Enquirer: 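One structure is given below, represented as structure tokens, and several questions about it will come after.
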Protein chains: 2
Amino acid sequence: MPFEKEREVLSGHIRNKNLKHSEQRQIILEVFLETEKHLTAEELYLTVKKKVPSIGYATIYRTLKLLIEAGLCREMQVENGVTRYEHHYNHEHHDHLVCTKCGKFVEIFSPDIEKLQEKIAKKNGFVLERHRLELYGVCGACRR
Amino acid sequence: MPFEKEREVLSGHIRNKNLKHSEQRQIILEVFLETEKHLTAEELYLTVKKKVPSIGYATIYRTLKLLIEAGLCREMQVENGVTRYEHHYNHEHHDHLVCTKCGKFVEIFSPDIEKLQEKIAKKNGFVLERHRLELYGVCGACRR
DNA sequence: ACGATATTGATAATAATTATCATAATAAAT
DNA sequence: ATTTATTATGATAATTATTATCAATATCGT
Ligand SMILES: [Mn+2]
Ligand SMILES: [Mn+2]
Ligand SMILES: [Zn+2]
Ligand SMILES: [Zn+2]
């Protein structure tokens, strides 16, 4: 059974909040997890539509919100303002390096940068809650 | 004469691109420079409207774009997706620390973080063009 | 002053997301 | 299995921020 853990997380959240299961929610979760990339609501909508042609756009957005609340999904936006969604369950925190030519994503993480961020926040009297770090450049493949 | 340098920069850009001067552009620049904060298009629009009641929204957006091209203005967006504009002429590059309670902005800069970013990009075969770093937390004043 | 060109303001269009609401599905109680 | 209360769904309208369109106006070199 694929994604058993994730299914359980969603079920737990649904039970917890007195919500109800639905075929749509199951399929959206499945498609979301099967797709190993940072996808937009539209991409998810179109893929789900192949399995459930009657699916509505609103259900995609609603379910994405639900997945975020359940800790299965993370919202992220890149430059232009298009929101993308990525797997969050069992994924460590990371930031992104993005190619401005081909759109390629690389996931990055630097404990050193994270420490420096904390230091800066503290120096200014802030208690840090979260941060956003995105690096934009041209990847090796796009440079020749 | 206040903002003489900035006026010259805009004039130069206008001459350079064979554009034309206008009362509106002068006043928008003035109001933008007088307002010492990170403002939204709407805030700028409302302030300019007090001096030039006939001003159109489109002119605000168009002129902001012009100021950006001229190097006088920098566009930035914070979390929610509202675009803000800040002074760019004679301002060093910096990132932002934002209070999630009161919205206070602190401008930050860390050469160490900048260096580490370069290092990460290089390690992944990227040539870095720019980055976005925003830290979110609660400021001292908001914590008691 | 003239004429070519750029600018303006009103308004329509766009795009992404959220709100509304009648209908359908779910799940618990009978 | 039926009933019942509640939530979910899909169609569509509304919203928000920004950009495009276009006729009327302003600018600037001659
Ligand atoms: Mn990622
Ligand atoms: Mn700033
Ligand atoms: Zn690339
Ligand atoms: Zn604060």
Side-chain angles (χ1 to χ4, degrees), chain A residues 7 10-32 38-70 73-85, chain B residues 7 10-32 38-70 73-85:
Chain A
R7 256 187 254 271
L10 180 56
S11 276
H13 183 74
I14 286 175
R15 199 177 320 118
N16 212 285
K17 296 248 174 176
N18 290 316
L19 306 178
K20 292 172 180 173
H21 287 93
S22 78
E23 189 65 22
Q24 288 92 330
R25 285 176 175 171
Q26 290 300 325
I27 294 187
I28 290 172
L29 174 61
E30 230 170 71
V31 171
F32 171 67
H38 305 74
L39 35 62
T40 62
E42 192 192 8
E43 286 164 1
L44 183 58
Y45 170 72
L46 292 173
T47 313
V48 171
K49 210 169 170 57
K50 287 177 192 161
K51 299 194 179 185
V52 187
S54 65
I55 198 78
Y57 234 122
T59 301
I60 298 292
Y61 278 106
R62 283 186 290 233
T63 305
L64 280 169
K65 257 194 177 163
L66 188 69
L67 297 186
I68 289 169
E69 283 168 22
C73 179
R74 186 167 81 117
E75 204 176 308
M76 57 167 297
Q77 20 219 121
V78 170
E79 204 64 346
N80 40 18
V82 180
T83 304
R84 292 181 174 273
Y85 301 86
Chain B
R7 257 186 254 270
L10 180 57
S11 277
H13 184 75
I14 285 175
R15 199 177 319 120
N16 213 283
K17 297 249 174 175
N18 290 317
L19 306 178
K20 291 171 182 174
H21 286 93
S22 78
E23 189 64 22
Q24 288 91 330
R25 286 177 174 171
Q26 290 299 327
I27 295 189
I28 290 172
L29 174 61
E30 230 170 70
V31 171
F32 171 68
H38 305 74
L39 34 63
T40 62
E42 194 193 8
E43 286 164 0
L44 183 58
Y45 170 71
L46 293 174
T47 313
V48 171
K49 210 170 170 56
K50 288 177 192 161
K51 299 194 179 186
V52 187
S54 65
I55 197 79
Y57 234 121
T59 302
I60 297 292
Y61 278 106
R62 283 187 291 233
T63 305
L64 279 169
K65 255 193 177 162
L66 188 68
L67 297 186
I68 290 169
E69 284 169 23
C73 179
R74 186 166 81 118
E75 203 177 308
M76 57 168 294
Q77 20 219 119
V78 171
E79 203 64 348
N80 40 18
V82 179
T83 303
R84 291 181 174 272
Y85 301 86

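In what follows, chains carry the letters A, B, and so on, assigned in the order in which the sequence lines appear, proteins first and then strands, with residues in each chain numbered from 1. What's counted below: heavy atoms across the whole structure, side chains too, no hydrogens, waters or symmetry copies. Keep in mind that what you see is a predicted model, and the values were worked out from it rather than measured.
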Enquirer: Using whole Å, what does the distance between atom P of nucleotide C/dT17 and atom CG of A/L44 come to?
Expert: 12 Å
Enquirer: Quick one: pull up OG1 in A/T59 and CG in A/L66 and give me the separation to the nearest 0.5 Å.
Expert: 11.5 Å
Enquirer: Tell me the interatomic distance from A/L67, atom CG, to D/dA8, atom P, rounded to whole angstroms.
Expert: 13 Å
Enquirer: Using the test side-chain hydrogen bond (donor to acceptor under 3.5 Å, both in side chains), find all partners of A/R84 that sit at least two apart in sequence or belong to another chain.
Expert: none
Enquirer: Would you indicate which nucleotide in D/dT18, D/dT19, C/dT7 comes nearest to any side-chain atom of B/A41?
Expert: D/dT18
Enquirer: Rounded to the nearest 0.5 Å, how far apart are CD1 of B/I14 and CD of B/E69?
Expert: 11.0 Å
Enquirer: Please set out all donor-acceptor pairs under 3.5 angstrom arising from side-chain atoms of residues 48-57 of chain A, sequence neighbours excluded.
Expert:
| residue | atom | partner | partner atom | Å |
| --- | --- | --- | --- | --- |
| A/K49 | NZ | A/Y45 | OH | 3.3 |
| A/K49 | NZ | A/P53 | O | 2.9 |

Enquirer: Given the rule in the salt bridge (charged side-chain N to carboxylate O under 4.0 Å, His left out) test, do B/E75 and B/K65 qualify, once you have shown the distances and angles that lead to the verdict?
Expert: CA-CA 9 Å; B/E75 203 177 308; B/K65 255 193 177 162; over 6 Å; no
Enquirer: Check the distance between C/dT7's P and B/L10's CG and give it to me in whole angstrom.
Expert: 11 Å
Enquirer: In Å, rounded to the nearest 0.5 Å, how long is the span from CG of B/L44 to SG of B/C73?
Expert: 8.5 Å
Enquirer: Can you give me every donor-acceptor pair (side chain of residues 16-23 of chain B, partner residue at least two apart or in another chain, under 3.5 Å) with its distance?
Expert:
| residue | atom | partner | partner atom | Å |
| --- | --- | --- | --- | --- |
| B/H21 | NE2 | B/S11 | OG | 3.0 |
| B/S22 | OG | B/R25 | N | 3.1 |

Enquirer: According to ring-ring contact (aromatic ring centres under 6.0 Å, His included), who are the partners of A/Y85, at least two apart in sequence or on a separate chain?
Expert: none
Enquirer: How close or far is atom P of C/dA16 from atom CG of A/L64, stated in whole angstroms?
Expert: 15 Å
Enquirer: Can you confirm whether B/T63 sits close enough to B/Q24 that some side-chain heavy atom of one is under 4.5 Å from a side-chain heavy atom of the other?
Expert: no
Enquirer: Please list, in numerical order, the residues of residues 53-62 of chain A that have a heavy atom closer than 4.0 Å to any atom of DNA chain C.
Expert: A/A58, A/Y61, A/R62
Enquirer: What is the distance, rounded to the nearest whole Å, between atom CD1 of B/I27 and atom P of C/dG9?
Expert: 10 Å
Enquirer: Can you tell me the distance, in whole Å, between the CG atom of A/N16 and the C1' atom of D/dT7?
Expert: 16 Å
Enquirer: Compare side-chain N and O positions of B/R25 against OP1 and OP2 of C/dT8 and report whether any pair is under 4.0 Å apart.
Expert: yes
Enquirer: In this structure, how many angstroms lie between the C1' atom of C/dA16 and the CZ atom of A/R84, rounded?
Expert: 14 Å
Enquirer: Atom NZ of A/K65 to atom C1' of C/dA16: distance rounded to whole Å?
Expert: 13 Å
Enquirer: Distances for protein N/O vs nucleotides 26-30 of chain D N/O pairs under 3.5 angstrom?
Expert:
| residue | atom | partner | partner atom | Å |
| --- | --- | --- | --- | --- |
| D/dT27 | O2 | B/K20 | NZ | 2.8 |
| D/dC28 | OP1 | B/H21 | N | 3.2 |
| D/dC28 | OP1 | B/H21 | ND1 | 3.2 |

